[in-house]
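Naming convention: chains lettered A, B, ... in sequence-line order (proteins, then strands); numbering from 1 in each chain.
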Amino acid sequence: MNKHFESVYALVRQVPAGKVASYGQIARWLGWERGARTVGWALRSAPADVPWHRVVNGRGGISLFDGTEQRLRLEAEGVDFDALGRINLEDYGFDGPVTL
DNA sequence: GGGCTGACTGACG
DNA sequence: ACGTCAGCCAGCC
C-alpha cells in the first residue's frame, strides 16, 4: 500500500464526529495542493475504520452519485443539512489537526 | 506509452 | 447563487 493513502486515512480518522472536512482541505494538509480528486480516490478504498462519510466537497455537499447513506450518517452525528442538502462549513467544517 | 474516468476545485458569465 | 469549462492526479484499459 502507498503511504500516501495511509496518510489520508490517518487524517480522516482525526476528523471528530459532528464535523466534516473537504477533499481539497485534506489534500492541503497532506501537501498535495491539487490532489483533491486523489483524496477521493483513496477514500474509495478506505478501510472500515475510516469515517469517510465526514469528507464532503468544498461546497459542503456530497459528491457521490448517491450520497444517501453518507448524509444519514452525518445527520446521526449531529451535522445539520440545509434545504439544498448542503452543510454549513462555517459551523461544521473541521479546521484540521492544527487550528491556525 | 496513450487515452479515459472519477468521491474535486477555482474561475467566469 | 447556479451552470459551465479547464486544470490536476492516480488508476485502469
Side-chain angles (χ1 to χ4, degrees):
Chain A
M1 277 316 236
N2 296 331
K3 302 193 67 171
H4 288 299
F5 280 38
E6 287 299 324
S7 298
V8 174
Y9 304 149
L11 211 38
V12 174
R13 276 190 280 253
Q14 290 177 55
V15 180
K19 289 272 188 177
V20 297
S22 70
Y23 300 93
Q25 191 64 62
I26 292 174
R28 287 192 177 190
W29 294 339
L30 293 173
W32 293 1
E33 191 56 40
R34 298 161 198 166
R37 307 185 75 167
T38 307
V39 173
W41 193 268
L43 292 180
R44 182 197 190 205
S45 300
D49 62 313
V50 177
W52 56 271
H53 56 278
R54 290 181 196 146
V55 184
V56 296
N57 62 34
R59 282 76 170 180
I62 296 173
S63 298
L64 289 156
F65 179 69
D66 180 6
T68 304
E69 185 182 324
Q70 181 169 6
R71 175 169 176 163
L72 290 175
R73 287 196 180 212
L74 289 173
E75 291 184 313
E77 295 184 347
V79 177
D80 182 56
F81 283 77
D82 62 14
L84 298 176
R86 294 184 306 193
I87 302 168
N88 184 334
L89 297 178
E90 294 299 313
D91 295 330
Y92 299 103
F94 180 46
D95 293 320
V98 291
T99 304
L100 299 179

| NA contact type, A:I26, heavy-atom cut-off 4.0 Å: base, sugar-phosphate, or nothing? | nothing
| Quick one: A:Y23 OH to C:dG7 C1', roughly how many Å, whole number? | 19 Å
| field | hbond_proxy A:R37 side chain to C:dG11 base (donor-acceptor, 3.5 Å cutoff) | value | no
| request: Consider the side chain of A:N57, meaning its heavy atoms from C-beta on, and name the nucleotide among B:dT9, B:dG6, B:dA7 that approaches it most closely. | output: B:dT9
| message | As a test of reading the structure: which of C:dC2, B:dT9, B:dA7 is closest to the side chain of A:W52, going by heavy atoms? | response | B:dA7
| query | With both distances under 3.5 Å as the test, what is the Watson-Crick or G-U wobble partner of C:dC2? | reply | B:dG13
| request: Provide, to the nearest angstrom, the distance between the CG atom belonging to A:L43 and the P atom belonging to C:dG11. | output: 14 Å
| field | Distance in angstrom units between A:W32 CH2 and C:dC8 P, rounded | value | 17 Å
| Want to settle it: does A:A36 or A:W41 sit nearer the 5' end of DNA chain B, counting the closest nucleotide to each? | A:W41
| message | By nearest atom, which of the nucleotides C:dA10, B:dA7, B:dT9 is closest to the A:T38 side chain? | response | C:dA10
| remark: When every non-hydrogen atom of A:Y92 is compared with those of A:D80, the smallest separation belongs to OH-CB, 3.2 Å
| remark: Separation of C:dA10 atom P from A:R34 atom CZ, nearest Å, is 12 Å
| query | Considering Watson-Crick and G-U wobble pairs with both distances under 3.5 Å, what does B:dA7 pair with? | reply | none
| Can you tell if the side chain of A:D82 reaches within under 4.5 Å of the side chain of A:N88, non-hydrogen atoms only? | no
| To the nearest 0.5 Å, how far apart are CG in A:L84 and CZ in A:R59? | 14.0 Å
| message | Rounded to whole Å, please give me the gap between CG in A:L84 and P in C:dG3. | response | 10 Å
| task | To the nearest Å, give me how far apart CD (A:E33) and P (B:dC8) are. | result | 17 Å
| note | With the side chain defined as heavy atoms from C-beta on, A:S63 is closest, among C:dA10, C:dC2, B:dC8, to B:dC8
| What is the base-pairing partner of C:dC13, counting Watson-Crick and G-U wobble geometry with both distances under 3.5 Å? | B:dG2
| Worked check of salt bridge (Lys or Arg N to Asp or Glu O under 4.0 Å) between A:E75 and A:R71 | CA-CA 6 Å; A:E75 291 184 313; A:R71 175 169 176 163; 3.4 Å; yes
| message | Could you identify the nucleotide paired to C:dC8, looking across every strand shown and requiring Watson-Crick or G-U wobble geometry with both distances under 3.5 Å? | response | none
| Where each residue is assigned the nucleotide of DNA chain B containing its nearest heavy atom, which of A:A46 and A:R28 is assigned the position nearer the 5′ end? | A:A46
| query | Could you give the CZ-to-P distance, from A:R86 to B:dT9, as a whole number of Å? | reply | 13 Å
| query | Can any side-chain N or O of A:E77 pair as donor or acceptor with the backbone N or O of A:P16 at less than 3.5 Å? | reply | no
| query | C:dA10, B:dG10, B:dA7: which one has an atom nearest the side-chain heavy atoms of A:R59? | reply | B:dG10
